[in-house]
Protein chains: 2
Amino acid sequence: MAEPMYRQIAEDLQRRIESGDLEQGAQLPTEIDLREQYEASRNTVRDAIKWLTTRGLVETRPGQGTFVVEKIHPYVTTLTGKADIGGGDESVYIAEVEASHRKSDISEPRVEIQRADGVIARSLRLDAGAQVVARHQQRFIDGTPWSLQTSFYPMSLVQQGAIALIQATDIVQGTVAYLAEACDIHQTGYRDTIAVRPPDENEVRFFKLPADGRVPVFEIYRVAFDKTGKRLRLTVTVYPSDRNRLRVDVGEVPPRRIQRLPDTPEPDHD
Amino acid sequence: MAEPMYRQIAEDLQRRIESGDLEQGAQLPTEIDLREQYEASRNTVRDAIKWLTTRGLVETRPGQGTFVVEKIHPYVTTLTGKADIGGGDESVYIAEVEASHRKSDISEPRVEIQRADGVIARSLRLDAGAQVVARHQQRFIDGTPWSLQTSFYPMSLVQQGAIALIQATDIVQGTVAYLAEACDIHQTGYRDTIAVRPPDENEVRFFKLPADGRVPVFEIYRVAFDKTGKRLRLTVTVYPSDRNRLRVDVGEVPPRRIQRLPDTPEPDHD
DNA sequence: GGGTATTTGTCCGTATGTATT
DNA sequence: AAATACATACGGACAAATACC
């Protein structure tokens with residue numbers, strides 16, 4: 001027996017899905033039915049379904065059944081923007097999203113003062129234990145959860161006059177513009193580092209991801225610099241990877257076409 | 001009992017891992033031992049281990065045991081380069097990697113002529129069924145598999161003199177430089193779209209990923225343009241997400257520090 | 001709202017196969 | 001070859017979620 005039985009069942013079902021025999025959103029036969037069709041035990045059938053689930057082909061709903069997953073038309077977030085007018089801050093994202101006929105909301109920030117732990121301190125080149133301002137925000141598109149974001153600012157910025165950073169109010173013009181106004185600090189660039197990892201419990205709840213952690217999240221670390229190379233801010237943004245794509249434009253790139261409505265069958269890397 | 005038993009067991013083990021009680025690389029008690037420790041059946045213990053496995057905390061090795069996964073020091077790939085001197089092509093990657101004291105190898109390309117299917121045709125703005133050259137390559141760092149890459153070129157480029165595209169030989173100066181030499185076609189920019197998905201069977205084999213598909217891969221679609229906005233190429237690159245990070249630099253960014261050796265405990269988004 | 005049928009989720013025990021040491 | 005440890009497969013029982021009447 002080269003191939004275990006549950007794999008054979010899974011691959012047969014996969015074939016039926018990819019051939020269109022089972023359409024998107026269609027319900028699979030129940031575990032009892034599959035047990036009879038494949039002459040296997042229910043647990044073996046369940047192993048096959050679990051295999052398909054891990055690969056994102058089907059999803060199970062307790063009390064209802066097993067269904068072929070429907071492809072999600074992804075949101076596209078462009079990471080390359082004007083380095084000096086935002087780059088990851090509130091205002092830019094809103095402009096992006098509204099341009100594609102979608103409505104973006106952002107929560108009021110939850111503000112904390114905390115000691116910079118290892119990663120934050122190193123990213124901002126602070127001594128371990130230095131004070132930082134953490135601003136947590138939730139972002140929605142058309143009412144559905146889109147991203148979780150936390151920005152860390154050295155407390156020294158507040159001492160230089162950027163007192164709005166420690167107020168639990170959205171900075172509508174964007175913190176980049178605000179820092180320029182409030183204390184003549186000008187962001188001239190940023191560096192993003194993109195990783196992928198399983199979601200934690202908070203993220204599972206907020207994004208309504210499957211509890212088994214099979215849908216990973218993008219985690220983007222953005223370190224912003226001024227013209228002397230000083231580190232102004234670390235922003236950590238988390239996106240669920242199943243409904244998001246990231247875009248990077250380099251050099252001369254033609255303007256994007258208007259983003260289509262969710263049901264049109266176009267490639268999402270257009 | 002709000003929490004199922006296997007979750008309680010999993011969370012207890014997770015706590016023991018994150019507290020350092022079980023160190024990286026350490027072997028967990030065997031399933032039989034855990035069955036006795038938690039007074040559960042072996043199947044329930046196995047469900048707990050599967051839960052930890054999906055989250056990348058442990059791995060099982062048949063005949064050996066279950067082990068706490070060791071963190072991998074990731075490779076960092078910068079997506080933003082000079083738009084006109086490569087940007088994702090062979091030579092640039094090699095320079096990047098060698099600068100961090102690692103040795104990069106690339107396979108000779110496997111070249112195919114094929115009809116552009118839906119996604120490729122749309123990305124290159126070709127009519128469906130138009131001929132394209134596909135060049136598949138495998139990339140290694142220090143001998144370990146790093147990325148799989150396929151570039152698609154419109155056949156019209158070959159007719160304009162870029163005959164090396166249809167030869168199964170690496171284009172050492174990079175195809176961007178080659179196209180400039182051979183037929184005066186100059187790339188001026190590119191656009192990347194980053195997605196994450198489970199690996200297919202080829203990728204599992206090549207990258208030696210776990211067969212259950214729990215480690216996703218980055219898939220980067222790069223469309224390159226000339227100054228008129230014409231689409232010169234589509235390059236699809238796949239990286240395993242467990243050992244890779246992507247970097248995007250925008251605006252003025254200070255030079256990177258030398259990349260450290262794998263065993264130093266620095267953040268990988270430095 | 002309540003009750004019932006359906007469907008998946010959890011948990012058990014057991015047996016046998018396969019990979020590794 | 002033997003021992004160990006995980007992988008596969010079976011069958012059964014009950015719980016929990018959902019849909020429907």
Side-chain angles (χ1 to χ4, degrees), chain A residues 1-14 17 22 25-69 204-205 208-214, chain B residues 1-14 17 22 25-69 204-205 208-214:
Chain A
M1 205 203 324
E3 283 259 285
M5 190 187 304
Y6 79 95
R7 286 276 301 270
Q8 293 182 35
I9 297 172
E11 281 162 14
D12 187 60
L13 288 170
Q14 179 173 10
I17 291 168
L22 292 163
Q27 180 170 7
L28 268 65
T30 68
E31 294 173 353
I32 306 296
D33 290 340
L34 292 172
R35 180 178 65 110
E36 289 164 4
Q37 287 181 28
Y38 292 104
E39 291 180 324
S41 78
R42 183 176 161 227
N43 280 328
T44 301
V45 167
R46 281 177 60 77
D47 282 345
I49 291 173
K50 181 159 285 186
W51 195 84
L52 295 170
T53 299
T54 307
R55 283 160 184 71
L57 293 172
V58 304
E59 62 184 337
T60 59
R61 300 180 205 145
Q64 292 184 254
T66 304
F67 299 84
V68 182
V69 297
V204 164
R205 263 197 309 277
K208 299 184 186 16
L209 294 174
D212 60 8
R214 66 175 180 274
Chain B
M1 205 205 321
E3 284 259 285
M5 191 190 304
Y6 78 94
R7 286 277 298 272
Q8 294 182 32
I9 297 173
E11 280 161 15
D12 187 61
L13 289 170
Q14 181 173 9
I17 291 169
L22 292 163
Q27 180 170 7
L28 269 65
T30 68
E31 294 173 352
I32 306 295
D33 290 341
L34 291 172
R35 180 179 65 113
E36 289 163 6
Q37 287 182 31
Y38 291 104
E39 292 179 324
S41 79
R42 181 170 164 236
N43 282 330
T44 301
V45 167
R46 282 176 60 76
D47 283 345
I49 291 173
K50 181 159 286 185
W51 195 84
L52 294 171
T53 298
T54 307
R55 282 159 184 71
L57 293 172
V58 306
E59 63 184 338
T60 59
R61 301 178 205 147
Q64 295 187 51
T66 304
F67 300 84
V68 182
V69 297
V204 164
R205 263 198 307 276
K208 300 184 187 16
L209 294 174
D212 59 9
R214 66 176 179 273

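Residue numbers begin at 1 in each chain, while the letters A, B, ... track the order of the sequences.
- In this model, the phosphate group of D:dC6 is not approached by any side-chain N or O of B:Arg61 to a distance below 4.0 Å at OP1 or OP2.
- As a whole-Å value, the separation of A:Tyr38 OH from D:dA9 C1' is 17 Å.
- Atom CZ in B:Arg7 sits roughly 16 Å away from atom C1' in C:dC11 (whole-Å rounding).
- Phosphate proximity of D:dC6 to B:Thr66: present, with a side-chain N or O under 4.0 Å from OP1 or OP2.
- Checking C:dC12, D:dC6, D:dG11 against the side-chain heavy atoms of B:Asn43 singles out C:dC12 as nearest.
- No side-chain heavy atom of A:Thr54 sits less than 4.5 Å from a side-chain heavy atom of B:Thr54.
- DNA chain D is contacted by both B:Gln27 and A:Arg35; B:Gln27 maps to the nucleotide lying nearer its 5′ end (nearest heavy atom per residue).
- Distances were taken from every side-chain heavy atom of A:Thr30 (C-beta onward) to each of C:dT7, D:dC10, C:dC11; the shortest belongs to C:dT7.
- Contact annotation: A:Gln64 reaches the phosphate of D:dA19 (side-chain N/O to OP1 or OP2, under 4.0 Å).
- Proximity note for A:Thr44 (side chain, C-beta onward) versus D:dC10, C:dT21, C:dC11: the nearest is D:dC10.
- Here C:dA15 presents its C1' atom at 14 Å from CE of A:Met5, a figure rounded to the nearest Å.
- Between the CD1 atom of A:Ile32 and the C1' atom of D:dA13 there is a distance of 13 Å, rounded to whole Å.
- We find that CG of A:Leu28 is positioned 16 Å from C1' of C:dT6, with the value rounded to whole Å.
- C:dT7 atom C1' lies 14 Å from atom CD of A:Glu36, rounded to whole Å.
- Comparing C:dA19, C:dT8, C:dG13 against the side chain of B:Pro62 picks out C:dA19 as the nearest.
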Item to complete: Apply side chain to side chain contact (heavy atoms under 4.5 Å, CB included) to B:Ile9 and B:Leu34, showing your working.
Response: CA-CA 9 Å; B:Ile9 297 173; B:Leu34 291 172; 5.9 Å; no
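- Of the listed nucleotides (C:dC11, C:dT8, D:dC6), D:dC6 has the atom at the smallest distance from the side chain of B:Arg46.
- Among the nucleotides D:dC6, C:dC11, C:dG9, the one closest to the side chain of B:Glu31 is D:dC6.
- Residue-to-nucleotide contacts include a donor-acceptor pair under 3.5 Å from the side chain of A:Arg42 to the base of C:dG9.
- For A:Glu31 and A:Arg35, the salt-bridge test fails: no basic side-chain N is under 4.0 Å from an acidic carboxylate O.
- A:Asn43 and A:Tyr6 share no side-chain donor-acceptor pair at under 3.5 Å.
- D:dA17 atom P lies 18 Å from atom CD of A:Glu59, rounded to whole Å.
- Using a 4.5 Å cut-off on side-chain heavy atoms (C-beta onward), B:Arg55 and B:Arg214 make no contact.
- Across all strands shown, nothing is found opposite D:dA1 as a Watson-Crick or G-U wobble partner with both distances under 3.5 Å.
- With C:dG13, C:dG9, D:dC10 as the candidates, the nucleotide lying closest to the side chain of B:Ser41 is C:dG13.
- Within the 4.5 Å cutoff, the side chain of B:Trp51 has heavy atoms near those of the B:Gln14 side chain.
- If you take CG of A:Asp47 and P of D:dA7, they are 11 Å apart, rounded to a whole angstrom.
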